[in-house]
2 protein chains.
Amino acid sequence: MTDRTDRSDRTDRVVPEAERRRRRPTKHGTVLSEQVIVDTALRLVGRHGAQAFTVRRLGLALGADPSAIYRYFHSTDDLLLAVADELIGLALNGWRPTGDWRSDLREVGMRVHARSLAHPQAAVLAAYRTTGRANEIRAVETMLGILRAAGFPDPDAVSLYHAFIDQALGFAVLDSAALALPAQAQHADNGVWDTAYRDLSPDTHPHIAATADLLAADMRRSAYPLALDLLLDALAARLPARS
Amino acid sequence: MTDRTDRSDRTDRVVPEAERRRRRPTKHGTVLSEQVIVDTALRLVGRHGAQAFTVRRLGLALGADPSAIYRYFHSTDDLLLAVADELIGLALNGWRPTGDWRSDLREVGMRVHARSLAHPQAAVLAAYRTTGRANEIRAVETMLGILRAAGFPDPDAVSLYHAFIDQALGFAVLDSAALALPAQAQHADNGVWDTAYRDLSPDTHPHIAATADLLAADMRRSAYPLALDLLLDALAARLPARS
DNA sequence: GATCGAACGTCAATGCTGTTGTCGTAAGGG
DNA sequence: CCCTTACGACAACAGCATTGACGTTCGATC
């Protein structure tokens, strides 16, 4: 069971990327590889929305038979994990920790959030998955290192890492999902703060009426930067005094 | 706000619930209605998992032909919105603030989170929408009231409310999405912490290797309770001294 | 440079899914 | 009691992921 953990599993259909020797061009001339498929999937989803993420449309975009994709990934889920891992890699590419745990964590959080918003449709599909692939492992190692070096005992470092990354991903999914909505629904959802919430009487809804302007302005932006700073405040307060 | 009435008056197939006169029992004797369908859908998802939420299985559970559902809802998405609307009310039903802002906010956060996890499929699709409907307005008014009564100035109350509710919804989406996965993928994602992350060498990944046991244990649970407490810590620290 | 095993792209088929055109039955107002 | 029509049932369609079989052609080997 759980034969989906990539290399341990011996589905004879898929050959590990490292062991590939023969590459035959498809009918339309493109030469397939894991990287080409992942890149095409990202481009496809970015251009035509999350509902374009189907094996058939991906095959069409690649100029290959849909079933050829199963020579490289065991399932569409497996492919999705590869896409998710690619996003993680893109988020942290070219970044190195400075040694200041607070600004390092802040930068990681903002990068993950920003990268998700750059590919909202893919982020919605992939942000809550655990890939166990190279880029994710590298990211986990980096963040754990920051927290342990800051002085948090191991149990705290682990649970605080968990809270930190899930908050980043949670906001990423939420904000990405709003961006990925059809333009019509997106505009309508935003407009609610200018219509329904502005018409409420101070008698029945005193708090909303008193802050309607502030609400309409604030709800347009992402709350993640503030939430991130609040989390970092709380972390700093829990940090044991250095010896 | 994409209220359902917008779509309702366009399709000739669906008759508004208020105007229904004839009710014919299905082959298996049940009498359909919006309420019966919504309740059955909730029960189905709760009992057989998210992947049971298909028109065909819903028809089976209702003892009716799947197409009969389209006499009451224009699409499965329309049905999901109706289900989601039910959930918003359920989350806060029967709850009243105690006056202690911190425990009140904590209770609201935990209720929203728990209610989402009880119906993950609906939560994933609906948690990031702004409905502007009665239950949502009531919730916003309540939470703003808690923060303003606690002593936060209006601009802070609004932006902190925003961070608070988006954190709750973000974790709700993230954790719901994990629950809504097909059982196989869900199990595989969890298993990664016991396989891929345990096999890493201390030489290449010292921080993961040092905490592998802790990671595997912690990642099984939701990080929301901790994240919520951290947020509340930070709020308490920012609360102006009462005069 | 000829040979041959197999890698991998392609084809076809299966069983899902949401959705809809059509038909016939029975509900219930007149 | 009859006539209209609401509405449940049926069948069909398009699109989905996935898989077994097939045959081309790559490339290692001698």
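Quick note on labels: first sequence line is chain A, next is B, and so on, each numbered from 1.
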Under a 4.0 Å threshold between the charged nitrogen and the carboxylate oxygen, would [Y] count as salt-bridged to [X]?
X	Y	answer
B:Arg71	B:Asp65	no
A:Arg138	A:Asp85	no
A:Asp194	A:Arg198	yes

Worksheet item: So what does B:Thr26 touch, heavy atoms closer than 4.0 Å: a base, only the sugar-phosphate, or nothing?
Response: sugar-phosphate
Worksheet item: If you look at every strand shown and take non-hydrogen atoms under 4.0 Å, does A:Ala64 touch a base, only sugar-phosphate, or nothing?
Response: sugar-phosphate
What is the separation between atom [atom1] on [X] and atom [atom2] on [N], rounded to the nearest whole Å?
X	N	atom1	atom2	result
B:Leu60	C:dG18	CG	P	12 Å
A:Leu62	C:dC8	CG	P	16 Å
B:His28	D:dA9	NE2	C1'	11 Å
A:Leu125	D:dC16	CG	C1'	15 Å
B:Gln51	C:dC16	CD	P	14 Å
B:Tyr72	D:dA9	OH	C1'	13 Å
A:Asp65	D:dG20	CG	C1'	13 Å
A:Leu58	D:dG15	CG	P	17 Å

Worksheet item: In terms of the nearest nucleotide of DNA chain C, which residue is placed more toward the 5' end: B:Val55 or A:Ile69?
Response: A:Ile69
Item to complete: Respond yes when some side-chain nitrogen or oxygen of A:Ser67 is under 4.0 Å from OP1 or OP2 of C:dC11, and no when none is.
Response: no
Worksheet item: Just to confirm, is there a sub-4.0 Å distance from OP1 or OP2 of D:dG20 to any side-chain nitrogen or oxygen of A:Tyr70?
Response: no
Discussion item. I want to check something: taking the side chain as every heavy atom from C-beta on, are B:Tyr128 and B:Leu169 in contact at a cut-off of under 4.5 Å?
Written reply: no
Worksheet item: What nucleotide among C:dG9, D:dT19, C:dT22 has an atom nearest to a side-chain atom of A:Arg71?
Response: C:dG9
Discussion item. Looking at the base of D:dG15, is there any donor atom on it, or on the side chain of A:Arg56, that sits under 3.5 Å from an acceptor on the other one?
Written reply: no
Practice prompt. May I ask you to verify whether the side chain of B:Thr54 and the base of C:dC16 hold a donor-acceptor pair under 3.5 Å?
Written response: no
Worksheet item: Hey, are A:Asp77 and A:Ser75 close enough side-chain-wise for a donor-acceptor pair under 3.5 Å?
Response: no
Response to the item:
Sorted by position of nearest nucleotide on DNA chain D, 5' first, the leading residue of B:Gly63 and A:Arg57 is B:Gly63
